[in-house]
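Notes follow once the structure below has been shown.
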Amino acid sequence: MTLTVVTWNVNSIRLRTEQLARLSAELRPDVICLQETKVTDALFPRDAMVALGYRHVAAHGMKGYNGVAVLSRLPIEAIGTPHWCGRQDCRHLVVTIAGIEIHCVYVPSGGDVPDPAANPKFAHKLQFLRELTDWYARTCDPARPLVLVGDLNVAPLESDVWSHRQLLKVVSHTPVEVEALGALAASLDWVDAVRHFVPAPQRLYTWWSYRAADWAKSDRGRRLDHVWVTPALKGRLIAARVVREARNWQPPSDHVPVAVTLAMPKTQVTSR
DNA sequence: ATGGTTGCACGGCAA
């Protein structure tokens with residue numbers, strides 16, 4: 001028995017139903033965690049997701065911006081929606097599925113100027129990462145089976161960007177963000193499940209700008225989307241995959257899905 | 001060095 005969890009920043013779920021059908025058909029994921037759904041819960045296309053086989057849906061969205069959701073073939077046993085930085089902006093959804101707590105996170109992008117004194121968006125991003133770090137360290141236990149996925153909007157490694165040197169002052173790859181993400185990773189000794197299978201220095205990206213004339217030809221990507229597991233689950237990692245070809249699924253999100261498969265004790269996966 | 005695109009919602013933002 002296995003559990004495949006996908007994370008995908010869909011950049012509007014209402015424009016990506018066909019692409020989700022393709023993802024569902026090709027990977028047969030058990031759980032799909034979405035970011036940037038850009039829709040209120042009342043308008044969330046729940047019926048379309050159920051039609052794809054995802055009978056269990058948790059949506060946490062708002063009008064126009066942000067928004068996270070989890071689609072599941074297995075029952076969702078609990079739902080939480082933590083909020084950070086004193087805001088109500090729908091960036092974090094926690095569900096429990098098959099006894100595993102899955103955290104779907106959309107970290108603030110951070111704007112253009114990598115200076116928290118000059119750019120409130122960058123200050124928000126750093127504060128968001130710090131509050132998450134403190135919360136995990138304070139309230140969670142690395143011995144518990146947790147999965148953290150999402151668009152973390154930081155490419156931490158040199159091999160996570162097309163040019164380390166040229167992106168050192170570009171938001172997503174600056175040293176202060178990489179340090180903040182490292183602190184978050186240390187909060188529960190999180191294991192980078194994708195790099196577990198595709199170690200550096202092999203280059204790996206999950207996002208390519210819409211602005212490139214030919215995204216694949218220039219290949220100026222960044223690895224912004226991540227799947228982390230607590231040490232309790234490290235021994236159960238079976239596979240990881242970045243669905244690079246989804247960048248061509250029309251019309252595309254600028255992010256592609258990232259999938260991780262875990263081994264499951266037979267007793268934990270039950271009804272559909 | 002600059003501008004390049006997309007989505008929401010229909011005018012600028014956010015990314």
Side-chain angles (χ1 to χ4, degrees), chain A residues 7-20 23 33-45 48 59-69 83-92 104-116 118-129 149-156 160-163 165-174 176-178 180-181 205-226 243-258:
Chain A
T7 181
W8 194 11
N9 179 324
V10 281
N11 190 15
S12 172
I13 186 157
R14 287 178 290 180
L15 288 183
R16 234 60 78 186
T17 302
E18 288 180 24
Q19 297 85 332
L20 278 165
L23 178 72
C33 300
L34 303 168
Q35 303 87 38
E36 284 208 82
T37 54
K38 296 189 174 181
V39 68
T40 58
D41 297 346
L43 294 178
F44 192 91
H60 179 49
M62 58 193 282
K63 186 176 178 177
Y65 302 110
N66 309 325
V68 285
H83 288 93
W84 308 108
C85 307
R87 306 192 189 200
Q88 299 289 321
D89 51 2
C90 302
R91 294 179 176 275
H92 194 169
C104 177
V105 180
Y106 176 47
V107 173
S109 175
D112 290 329
V113 179
D115 174 0
N119 173 11
K121 292 180 188 175
F122 195 70
H124 179 213
K125 181 178 197 174
L126 295 178
Q127 181 66 19
F128 188 98
L129 289 168
V149 309
D151 177 2
L152 305 186
N153 264 317
V154 179
D160 291 336
V161 293
W162 64 275
S163 168
R165 187 180 60 82
Q166 290 183 254
L167 289 178
L168 273 172
K169 293 181 179 176
V170 173
V171 171
S172 72
H173 193 61
T174 65
V176 64
E177 293 166 82
V178 171
L181 194 76
Y205 314 137
T206 66
W207 172 90
W208 294 261
S209 171
Y210 282 129
R211 298 177 189 178
D214 184 334
W215 72 271
K217 185 179 177 187
S218 55
D219 199 19
R220 294 186 169 188
R222 307 175 198 171
R223 190 172 71 107
L224 304 179
D225 303 274
H226 300 272
V243 189
R244 181 183 164 105
E245 64 269 28
R247 188 61 179 74
N248 280 333
W249 294 352
Q250 300 298 319
S253 171
D254 45 355
H255 295 252
V256 298
V258 180

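Keep in mind it's a predicted model, so treat the numbers as computed, not measured. Lettering of chains follows the sequences in order, A, B, ..., and the numbering in each one begins at 1. In what follows, every heavy atom counts, from backbone to side chain, and hydrogens, waters and symmetry copies are set aside.
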To the side chain of [X], which of [options] is closest?
X: A:S109; options: B:dC13, B:dT6, B:dA15; answer: B:dA15
X: A:K38; options: B:dC8, B:dT5, B:dA14; answer: B:dC8
X: A:E36; options: B:dC13, B:dA15, B:dT5; answer: B:dA15

Length of the [atom1]-[atom2] vector between [X] and [N], whole Å:
X: A:N66; N: B:dG7; atom1: CG; atom2: C1'; answer: 13 Å
X: A:W207; N: B:dG7; atom1: CH2; atom2: P; answer: 15 Å
X: A:Q166; N: B:dA1; atom1: CD; atom2: P; answer: 12 Å
X: A:Q35; N: B:dA15; atom1: CD; atom2: C1'; answer: 14 Å
X: A:D112; N: B:dC13; atom1: CG; atom2: C1'; answer: 12 Å
X: A:D254; N: B:dA14; atom1: CG; atom2: C1'; answer: 12 Å
X: A:N9; N: B:dA14; atom1: CG; atom2: C1'; answer: 12 Å
X: A:R220; N: B:dT2; atom1: CZ; atom2: C1'; answer: 13 Å

Nearest-nucleotide 5' precedence on DNA chain B, A:P108 against A:L15: A:L15
Reading DNA chain B from 5' onward, which residue's closest nucleotide shows up sooner: A:S209 or A:Y65? A:S209
Just to verify, what does A:P108 make a side chain to side chain contact (heavy atoms under 4.5 Å, CB included) with, not counting sequence neighbours? A:R91, A:H124, A:K125, A:F128
Grab the two heavy atoms, one from [X] and one from [Y], that are nearest each other, plus how far apart they are.
X: A:S109; Y: A:N153; result: CA-ND2, 3.4 Å
X: A:F44; Y: A:V39; result: CD1-CG1, 3.9 Å
X: A:V171; Y: A:D112; result: CG2-O, 3.6 Å

Distance between C1' atoms of B:dT6 and B:dC10 (Å, rounded): 15 Å
Suppose you measure atom C1' in B:dG4 against the same atom in B:dA15; what distance do you get, rounded to whole Å? 14 Å
Does a side-chain N or O of A:R14 approach OP1 or OP2 of B:dG7 to a distance below 4.0 Å, or not? no
Establish, with yes or no, whether the OP1 or OP2 oxygen of B:dC8 is under 4.0 angstrom from a side-chain nitrogen or oxygen of A:K63. no
Show every salt bridge (Lys or Arg N to Asp or Glu O under 4.0 Å) that has at least one partner inside residues 243-253 of chain A, sequence neighbours left out. A:D219-A:R244, A:R241-A:E245
